[in-house]
Amino acid sequence: MIGAGRTADVFALDEDRVVRRYRDGEDATGEAVVMAYLAEHGYPVPAVWPGATAGELVMQRLSGPTMLEALVAGTLSGEQAGELLADLLLRLHAVPPRAGADPSHRIVHLDLHPENVFLTLDGPVVIDWATAQEGPPGLDTAMAALILAQAALTMPAASEIARTVLPALVRRLGGTDGMLLHEARARRSANPTLTQEEIAALDEAVALILAAGADARESASGRR
């Protein structure tokens, strides 16, 4: 085992491949399809292969730190991380939808945060597409901001980092006007993997994002 998340564990198969195994046996087929589609459109995701079971996803083994590890090590600033996360979201939402009927919808990750980005020699690579679906980009940007805001409020070890990344993310995205914060809050509150402390902090987290958006508007106004 080389990694563990809230719903799955990651094991090394060899020097080039890992297997991500869901603890509840959740089918990973759809995740593999989305990743392959994104790779075809030039979006940075690991290469994928069929697993031995539906609950397994065999992926390219990535070399390099996660964005969070780089932030902790001081090799990446909060400003750089926020801008990079925003750019990855914007790049993702520029990919044409795969199957959706709504032309305004795009593939959305819905869990994009510093632990889900590897900084490889070839550039950033986004992992953990278990929650990906097609939907409004504003939900995706709101989810990314809300995850950071919750970390700032409930994770002492990551609080300072999250408080530097969040404003940069919001600024790069042009503020909060396009974010579907109400929908993101509802989605986070229904997440069974969150703690009661994380759920209780949701309203304060939304307020933190809106404050970052107000700061972004003020900064933009001052530059005019």
Side-chain angles (χ1 to χ4, degrees), residues 35 38-39 41-46 62-96 106-129 131-132 135-155 157-181 183-185 188 205-224:
M35 292 173 69
L38 290 171
H41 286 78
Y43 194 79
V45 296
L62 301 173
S63 179
T66 65
M67 181 182 286
L68 179 59
E69 289 169 339
L71 282 161
V72 171
T75 56
L76 186 73
S77 71
E79 182 80 17
Q80 290 170 321
E83 291 181 355
L84 180 53
L85 280 174
D87 289 344
L88 287 168
L89 285 164
L90 294 172
R91 283 180 64 187
L92 176 61
H93 302 155
V95 175
R106 292 292 185 272
I107 294 173
V108 290
H109 187 284
L110 301 179
D111 195 24
L112 190 55
H113 56 76
E115 285 188 283
N116 281 340
V117 179
F118 270 82
L119 303 178
T120 75
L121 291 176
D122 296 322
V125 178
V126 180
I127 64 167
D128 198 353
W129 292 86
T131 56
L139 177 60
D140 211 9
T141 56
M143 287 291 289
L146 193 53
I147 291 167
L148 284 170
Q150 282 183 290
L153 295 168
T154 65
M155 299 176 65
S159 177
E160 186 176 347
I161 287 173
R163 286 180 184 274
T164 61
V165 177
L166 177 62
L169 170 78
V170 172
R171 217 167 24 247
R172 188 71 152 198
L173 291 172
T176 59
D177 288 349
M179 292 185 183
L180 300 178
L181 286 169
E183 291 83 348
R185 188 204 178 285
R188 289 293 283 173
V206 170
L208 197 63
I209 296 166
L210 292 173
D215 289 344
R217 284 194 298 273
E218 185 176 333
S219 297
S221 177
R223 289 194 298 268
R224 291 194 185 103

For Asp140 and Arg106: C-alpha separation, side-chain torsions, deciding distance, then whether side-chain contact (heavy atoms from CB on, under 4.5 Å) applies. CA-CA 10 Å; Asp140 211 9; Arg106 292 292 185 272; over 6 Å; no
Show your working on side-chain contact (heavy atoms from CB on, under 4.5 Å) between Leu146 and His113 and close with a plain yes or no. CA-CA 10 Å; Leu146 193 53; His113 56 76; over 6 Å; no
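Looking only at side-chain heavy atoms (C-beta outward), Leu92 and Leu38 come within less than 4.5 Å of each other. Contact of the Ile127 side chain with the Pro46 side chain is registered, since non-hydrogen atoms from C-beta on lie closer than 4.5 Å.
Of all non-hydrogen atoms in Leu76 and Ala81, the two that sit nearest each other are CD2-CB, 3.8 Å.
Paired with Leu119 under the rule side chain to side chain contact (heavy atoms under 4.5 Å, CB included), one option of Thr66, Leu84, Thr75 passes, and it is Leu84.
Judged by distance alone, the side chain of Asn116 and the main-chain N or O of Asp111 form a donor-acceptor pair under 3.5 Å. No side-chain donor-acceptor contact under 3.5 Å links Thr176 to the backbone of Met179. For Tyr43 (side chain) and Leu88 (main-chain N/O), a donor-acceptor pair under 3.5 Å exists by modelled atom type.
The ring pair (Phe, Tyr, Trp, His ring centres under 6.0 Å) test applied to His109 returns Trp129, not counting sequence neighbours. Partners of Glu79 under the salt bridge (Lys or Arg N to Asp or Glu O under 4.0 Å) rule, at least two apart in sequence or in another chain, are Arg171. Residues satisfying the side-chain hydrogen bond (donor to acceptor under 3.5 Å, both in side chains) criterion with Glu183, sequence neighbours excluded, are absent altogether.
Atom CG of Asp215 sits about 11.0 Å away from atom CG of Leu210, to the nearest 0.5 Å.
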